[in-house]
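Take a look at the structure below.
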Amino acid sequence: MTGLSDTERNMMRQDAMRRAQEMRRQSTDQQKKPGVQAPPPQKPAPPPPPTRSMQNPAQPLQELLGTLNPERALILGLLLLLAKEGADLKLLAALGYIFM
C-alpha cells in the first residue's frame, strides 16, 4: 500500500466500511426473519475414551509374563521353539494348556 495515494487509500477504506456494514445488515436481517434461523453452532464431539489397549498396549503381555516362574518360562520357550519349527498343532495346544 506504499504506492497508493491518499485518495486511493480513502476509497479503499470507504469500500471496506461499506462492505462491513452490508454484511452486518445481512446478518441482522437473517436473525429477524422468523422462519429462517441460522443453525446453532455445533459442539465438537468429545474424543472417545481411551480403550484398554490404547492406554498400555503391553498390558496383556505384562499380565501374562508377570507371574512367569522358571517352569512357565521353560514351557513358553519350548512352545515358541516348536511353533517356529512347525511342530504338530496338538502338541502346541497341549503345551499352551499346560502353560495356562
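Remember, it's a predicted structure, so these values are computed and weren't measured experimentally.
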Sorted by chain and number, sequence neighbours left out, salt bridge (Lys or Arg N to Asp or Glu O under 4.0 Å) with Arg19 holds for Asp15
All N/O donor-acceptor pairs, side-chain side in residues 75-94, below 3.5 Å, sequence neighbours left out:
none

Side chain to side chain donor-acceptor pair (under 3.5 Å) filter on Arg13, not counting sequence neighbours, yields Asn10
